[in-house]
Amino acid sequence: MSSRLVGVGVGPGDPELVTVKGVNALREADVVVVPVMDSGERGRAEATVLHYVPEEKVVRVVFALNERSDRGRREAAWDAAGERVAELLRRHASVAFATIGDPNVYSTFTYLAQTIAELVPGTVVSTVPGITAMQDLAARSGAVLTEGTEPLTLVPVTAGTAVLKDALAGPGTVVAYKFGRQANEVAEALRETGRLADAVWGSALGLPEESVRPAAELDETPLPYLSTLIAPARREGGRGGKL
(Lines give C-alpha, C1' and ligand atoms only; values in the text may rest on other atoms or scores of the structure.)
Protein backbone atom coordinates (compact mmCIF):
# COMPACT_ATOMS: atom_id res chain seq x y z
CA MET A 1 0.00 0.00 0.00
CA SER A 2 1.11 3.57 -0.66
CA SER A 3 2.25 5.69 2.23
CA ARG A 4 0.26 8.78 3.13
CA LEU A 5 1.55 12.28 3.76
CA VAL A 6 -0.94 14.71 5.27
CA GLY A 7 -0.33 18.40 5.81
CA VAL A 8 -2.16 19.51 8.94
CA GLY A 9 -2.90 23.16 9.58
CA VAL A 10 -2.50 23.80 13.31
CA GLY A 11 -3.56 27.44 13.36
CA PRO A 12 -1.60 30.57 14.26
CA GLY A 13 -0.43 29.49 17.72
CA ASP A 14 -3.37 29.02 20.07
CA PRO A 15 -3.64 25.24 20.60
CA GLU A 16 -7.40 25.59 21.12
CA LEU A 17 -7.74 26.65 17.47
CA VAL A 18 -6.65 23.30 16.02
CA THR A 19 -9.70 21.64 14.46
CA VAL A 20 -11.02 18.29 15.65
CA LYS A 21 -10.09 16.84 12.25
CA GLY A 22 -6.59 18.24 12.63
CA VAL A 23 -6.14 16.71 16.07
CA ASN A 24 -7.38 13.35 14.80
CA ALA A 25 -4.96 13.47 11.85
CA LEU A 26 -2.03 14.19 14.17
CA ARG A 27 -2.97 11.37 16.51
CA GLU A 28 -3.64 8.85 13.77
CA ALA A 29 -0.32 9.40 11.98
CA ASP A 30 2.59 7.11 12.78
CA VAL A 31 4.90 10.11 13.13
CA VAL A 32 4.37 13.87 13.11
CA VAL A 33 6.98 16.04 11.39
CA VAL A 34 7.43 19.61 12.59
CA PRO A 35 9.58 22.16 10.75
CA VAL A 36 12.35 23.89 12.67
CA MET A 37 15.00 26.43 11.76
CA ASP A 38 18.63 25.42 11.75
CA SER A 39 19.07 27.37 14.99
CA GLY A 40 16.97 24.64 16.61
CA GLU A 41 14.50 26.60 18.71
CA ARG A 42 10.97 25.27 19.12
CA GLY A 43 8.54 26.86 16.67
CA ARG A 44 4.82 27.49 16.92
CA ALA A 45 3.87 24.35 15.01
CA GLU A 46 5.89 22.11 17.33
CA ALA A 47 4.60 23.81 20.47
CA THR A 48 1.02 23.38 19.28
CA VAL A 49 1.47 19.74 18.27
CA LEU A 50 2.87 18.83 21.69
CA HIS A 51 -0.49 19.69 23.23
CA TYR A 52 -1.99 16.71 21.39
CA VAL A 53 0.65 14.04 20.74
CA PRO A 54 3.55 12.68 22.85
CA GLU A 55 7.01 14.10 22.22
CA GLU A 56 8.41 10.71 21.18
CA LYS A 57 6.08 10.71 18.18
CA VAL A 58 7.36 14.07 16.92
CA VAL A 59 10.23 14.31 14.43
CA ARG A 60 11.94 17.69 14.07
CA VAL A 61 13.14 18.41 10.53
CA VAL A 62 15.23 21.45 9.65
CA PHE A 63 13.91 23.71 6.90
CA ALA A 64 15.38 26.97 5.61
CA LEU A 65 12.41 28.87 6.99
CA ASN A 66 12.29 32.52 5.89
CA GLU A 67 15.43 32.10 3.75
CA ARG A 68 14.98 34.43 0.78
CA SER A 69 18.45 35.74 -0.03
CA ASP A 70 20.37 32.53 -0.74
CA ARG A 71 18.48 30.35 -3.21
CA GLY A 72 21.16 27.65 -3.17
CA ARG A 73 21.00 27.31 0.61
CA ARG A 74 17.21 27.25 0.49
CA GLU A 75 17.09 24.56 -2.19
CA ALA A 76 19.67 22.44 -0.35
CA ALA A 77 17.62 22.67 2.85
CA TRP A 78 14.42 21.68 1.03
CA ASP A 79 16.21 18.71 -0.55
CA ALA A 80 17.62 17.57 2.79
CA ALA A 81 14.24 17.95 4.50
CA GLY A 82 12.53 16.09 1.67
CA GLU A 83 15.02 13.22 1.97
CA ARG A 84 14.38 13.00 5.70
CA VAL A 85 10.60 12.87 5.25
CA ALA A 86 10.97 10.43 2.36
CA GLU A 87 12.94 8.13 4.67
CA LEU A 88 10.09 8.30 7.19
CA LEU A 89 7.51 7.51 4.50
CA ARG A 90 9.46 4.41 3.44
CA ARG A 91 9.27 3.13 7.03
CA HIS A 92 5.80 4.29 8.08
CA ALA A 93 2.35 4.05 6.55
CA SER A 94 1.36 7.58 7.48
CA VAL A 95 3.28 10.77 8.18
CA ALA A 96 1.69 14.05 9.25
CA PHE A 97 3.37 17.39 8.67
CA ALA A 98 2.25 20.16 11.02
CA THR A 99 2.25 23.69 9.67
CA ILE A 100 1.11 26.92 11.25
CA GLY A 101 -2.00 28.41 9.72
CA ASP A 102 -3.24 26.44 6.73
CA PRO A 103 -1.16 24.03 4.62
CA ASN A 104 -2.38 25.64 1.39
CA VAL A 105 -1.67 29.25 2.37
CA TYR A 106 2.00 30.29 2.18
CA SER A 107 3.07 27.02 3.79
CA THR A 108 6.34 25.09 3.71
CA PHE A 109 4.19 22.01 3.14
CA THR A 110 3.69 23.01 -0.50
CA TYR A 111 7.40 22.62 -1.25
CA LEU A 112 7.67 19.43 0.76
CA ALA A 113 4.78 17.81 -1.11
CA GLN A 114 6.40 18.65 -4.46
CA THR A 115 9.69 17.12 -3.31
CA ILE A 116 8.03 13.95 -1.99
CA ALA A 117 6.19 13.46 -5.28
CA GLU A 118 9.61 13.02 -6.90
CA LEU A 119 11.35 11.07 -4.14
CA VAL A 120 8.54 8.68 -3.19
CA PRO A 121 6.25 8.25 -6.22
CA GLY A 122 2.80 6.99 -5.35
CA THR A 123 2.64 8.69 -1.98
CA VAL A 124 -0.91 9.83 -1.29
CA VAL A 125 -0.84 13.50 -0.31
CA SER A 126 -3.71 15.27 1.43
CA THR A 127 -4.28 18.30 3.63
CA VAL A 128 -6.37 19.27 6.63
CA PRO A 129 -7.26 22.97 6.61
CA GLY A 130 -6.30 25.18 9.52
CA ILE A 131 -7.44 28.49 10.93
CA THR A 132 -5.35 31.32 9.53
CA ALA A 133 -3.79 34.30 11.26
CA MET A 134 -6.12 36.70 9.49
CA GLN A 135 -9.16 34.86 10.85
CA ASP A 136 -7.73 34.81 14.36
CA LEU A 137 -6.77 38.49 14.23
CA ALA A 138 -10.22 39.42 12.95
CA ALA A 139 -11.79 37.57 15.88
CA ARG A 140 -9.47 39.08 18.49
CA SER A 141 -9.68 42.64 17.16
CA GLY A 142 -13.31 42.77 16.03
CA ALA A 143 -12.28 43.65 12.47
CA VAL A 144 -14.77 42.33 9.90
CA LEU A 145 -12.91 40.80 6.98
CA THR A 146 -15.59 41.04 4.30
CA GLU A 147 -19.17 42.18 3.80
CA GLY A 148 -21.49 41.74 0.83
CA THR A 149 -19.61 42.03 -2.45
CA GLU A 150 -16.30 43.24 -1.02
CA PRO A 151 -13.15 41.53 -2.30
CA LEU A 152 -10.45 40.31 0.06
CA THR A 153 -6.77 40.58 -0.89
CA LEU A 154 -4.00 38.75 0.95
CA VAL A 155 -0.51 40.18 0.41
CA PRO A 156 2.81 38.89 1.73
CA VAL A 157 4.82 42.07 2.31
CA THR A 158 7.93 40.10 1.41
CA ALA A 159 6.70 40.70 -2.16
CA GLY A 160 7.37 44.41 -1.68
CA THR A 161 5.37 47.38 -0.45
CA ALA A 162 4.42 48.36 -4.00
CA VAL A 163 2.20 45.28 -4.17
CA LEU A 164 0.65 46.28 -0.86
CA LYS A 165 -0.01 49.84 -2.04
CA ASP A 166 -1.76 48.55 -5.16
CA ALA A 167 -4.03 46.41 -3.02
CA LEU A 168 -4.76 49.23 -0.57
CA ALA A 169 -5.80 51.46 -3.48
CA GLY A 170 -8.59 49.00 -4.26
CA PRO A 171 -12.09 48.78 -2.77
CA GLY A 172 -11.80 45.75 -0.50
CA THR A 173 -10.20 44.56 2.69
CA VAL A 174 -6.44 44.02 2.55
CA VAL A 175 -4.57 41.57 4.77
CA ALA A 176 -0.78 41.81 4.98
CA TYR A 177 1.34 38.90 6.17
CA LYS A 178 4.98 38.87 7.23
CA PHE A 179 5.26 42.64 7.50
CA GLY A 180 7.17 42.92 10.77
CA ARG A 181 10.50 43.86 9.21
CA GLN A 182 8.88 46.53 7.06
CA ALA A 183 6.45 48.02 9.58
CA ASN A 184 7.44 51.61 8.82
CA GLU A 185 6.89 51.16 5.10
CA VAL A 186 3.53 49.50 5.75
CA ALA A 187 2.43 52.37 8.00
CA GLU A 188 3.40 54.86 5.31
CA ALA A 189 1.47 52.90 2.65
CA LEU A 190 -1.61 52.97 4.90
CA ARG A 191 -1.27 56.73 5.38
CA GLU A 192 -0.79 57.40 1.67
CA THR A 193 -3.92 55.43 0.76
CA GLY A 194 -6.09 56.74 3.60
CA ARG A 195 -6.42 53.30 5.19
CA LEU A 196 -4.59 53.86 8.47
CA ALA A 197 -7.45 54.79 10.82
CA ASP A 198 -9.33 51.47 10.75
CA ALA A 199 -6.37 49.12 10.28
CA VAL A 200 -5.18 46.77 13.02
CA TRP A 201 -2.15 44.54 13.43
CA GLY A 202 -1.34 41.58 15.62
CA SER A 203 1.43 39.16 16.46
CA ALA A 204 1.90 36.01 18.59
CA LEU A 205 -1.87 35.49 18.51
CA GLY A 206 -3.09 33.21 21.28
CA LEU A 207 0.30 33.16 22.99
CA PRO A 208 1.37 34.83 26.26
CA GLU A 209 3.25 37.54 24.33
CA GLU A 210 0.25 38.33 22.10
CA SER A 211 -0.09 41.89 20.83
CA VAL A 212 -3.15 43.29 19.05
CA ARG A 213 -2.91 47.01 18.33
CA PRO A 214 -4.28 49.76 16.07
CA ALA A 215 -2.06 50.27 13.04
CA ALA A 216 -2.00 53.99 13.88
CA GLU A 217 0.36 53.09 16.72
CA LEU A 218 2.98 51.60 14.42
CA ASP A 219 6.35 53.22 14.96
CA GLU A 220 9.99 52.27 14.53
CA THR A 221 9.82 49.55 17.18
CA PRO A 222 10.86 46.21 15.64
CA LEU A 223 7.96 43.78 15.22
CA PRO A 224 7.95 39.98 14.94
CA TYR A 225 8.43 38.76 11.37
CA LEU A 226 5.08 36.94 11.37
CA SER A 227 3.01 40.01 12.25
CA THR A 228 -0.37 40.27 10.48
CA LEU A 229 -2.28 43.38 9.46
CA ILE A 230 -5.92 43.90 8.48
CA ALA A 231 -7.02 47.06 6.67
CA PRO A 232 -10.84 46.76 6.42
CA ALA A 233 -12.69 47.97 3.36
CA ARG A 234 -14.17 51.45 3.44
CA ARG A 235 -17.79 50.97 4.49
CA GLU A 236 -20.55 53.49 3.97
CA GLY A 237 -24.31 53.25 3.65
CA GLY A 238 -25.03 51.42 6.90
CA ARG A 239 -25.99 47.81 7.43
CA GLY A 240 -25.94 45.80 4.21
CA GLY A 241 -24.58 48.72 2.22
CA LYS A 242 -22.28 46.45 0.21
CA LEU A 243 -24.92 43.89 -0.78
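All of these numbers come straight from a predicted model, not from anything done at the bench.
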Exercise. Name all residues meeting the side-chain hydrogen bond (donor to acceptor under 3.5 Å, both in side chains) criterion together with T99; count only those two or more places apart in sequence or in a different chain, and write none if there are none.
Key: S107
Quiz prompt | Residue pairs fulfilling ring pair (Phe, Tyr, Trp, His ring centres under 6.0 Å) with at least one residue in residues 92-147, sequence neighbours excluded | solution = F63-F97, W78-Y111, F97-F109
Quiz prompt | Qualifying side-chain hydrogen bond (donor to acceptor under 3.5 Å, both in side chains) pairs with a residue from residues 4-29, counting only residues at least two apart or across chains | solution = D14-R140
Self-check item: OG on S126 to CG on L5, rounded to 0.5 Å
Solution: 7.5 Å
Exercise. Run through the side-chain heavy atoms of Ile, Leu, Val, Met, Phe, Trp and Tyr, join any pair under 4.5 Å, and report what else lands in V20's cluster.
Key: none
Exercise. To the nearest 0.5 angstrom, please state how far the OH atom of Y225 sits from the NZ atom of K178.
Key: 4.5 Å
Going by atom type alone, with no hydrogens or angles, which donor-acceptor pairs under 3.5 Å involve a side-chain atom of residues 193-206 and a protein atom two or more places apart or on another chain?
residue: T193; atom: OG1; partner: A189; partner atom: O; Å: 2.8
residue: T193; atom: OG1; partner: L190; partner atom: O; Å: 3.4
residue: R195; atom: NH1; partner: L168; partner atom: O; Å: 2.6
residue: R195; atom: NH1; partner: G170; partner atom: O; Å: 3.4
residue: R195; atom: NH2; partner: G172; partner atom: O; Å: 2.7
residue: R195; atom: NH2; partner: A231; partner atom: O; Å: 3.2
residue: R195; atom: NH2; partner: P232; partner atom: O; Å: 3.2

Quiz item: Under 3.5 Å, is there a donor-acceptor pair between the side chain of Y52 and the main chain of G22?
Solution: no
Self-check item: Within-4.5 Å side-chain heavy-atom neighbours: P224 and L226
Solution: no
Quiz item: Other than L17, which residues form its hydrophobic cluster under the rule that side-chain heavy atoms must be closer than 4.5 Å?
Solution: I131
Self-check item: Spacing of T123 atom OG1 and L89 atom CG [to the nearest 0.5 Å]
Solution: 5.0 Å
Quiz item: With E188, which residues qualify under salt bridge (charged side-chain N to carboxylate O under 4.0 Å, His left out), at least two apart?
Solution: R191
Quiz item: Does E56 have any salt bridge (charged side-chain N to carboxylate O under 4.0 Å, His left out) partners at least two apart in sequence or in another chain, and if so, which?
Solution: none
Quiz item: Under 4.5 Å between side-chain heavy atoms, hopping through other hydrophobics if needed: is there a path connecting V157 to L229?
Solution: yes
Quiz prompt | Inter-residue atom distance L26.CG - L50.CG, 0.5 Å rounding | solution = 10.5 Å
Quiz prompt | salt bridge (charged side-chain N to carboxylate O under 4.0 Å, His left out) partners of residues 99-128, not counting sequence neighbours, each pair once | solution = none
Quiz item: Any sub-3.5 Å donor-acceptor pair from S2's side-chain atoms to G122's backbone N or O?
Solution: yes
Self-check item: Set of salt bridge (charged side-chain N to carboxylate O under 4.0 Å, His left out) partners for R90, sequence neighbours left out
Solution: none
Quiz item: Can you name the residues that form a salt bridge (charged side-chain N to carboxylate O under 4.0 Å, His left out) with E87, not counting sequence neighbours?
Solution: R84, R91
Quiz item: Hey, is CD on E209 packed in by over 12 heavy atoms from elsewhere, all under 6.0 Å?
Solution: yes
Quiz item: Going only through I, L, V, M, F, W and Y residues with side-chain contacts under 4.5 Å, is there a path from V105 to L145?
Solution: yes
Exercise. Answer yes or no: is there a donor N or O on one side and an acceptor on the other, between the side chain of R213 and the main chain of L218, under 3.5 Å?
Key: no
Quiz item: Got F179 and E185 here, is their nearest side-chain heavy-atom distance under 4.5 Å?
Solution: no
Quiz item: Okay, side chain of T48, backbone of P15: is any donor-acceptor separation there less than 3.5 Å?
Solution: no
Quiz item: Hey, what do you get for OG1 (T161) to CD (E192), rounding to the nearest 0.5 Å?
Solution: 9.0 Å
Self-check item: Min side-chain heavy-atom separation D30-L88 under 4.5 Å
Solution: no
Quiz prompt | Sequence-distant partners of Q135, side-chain hydrogen bond (donor to acceptor under 3.5 Å, both in side chains), two or more places apart | solution = T132
Exercise. Spell out, yes or no, whether V128 and V53 are grouped together once hydrophobic residues are joined by side-chain heavy atoms under 4.5 Å, including indirect joins.
Key: yes
Self-check item: Residue from V61, V85, V125 passing side chain to side chain contact (heavy atoms under 4.5 Å, CB included) with L112
Solution: V85
Quiz item: Shared ILVMFWY cluster between L207 and V49, side chains joined below 4.5 angstrom?
Solution: no
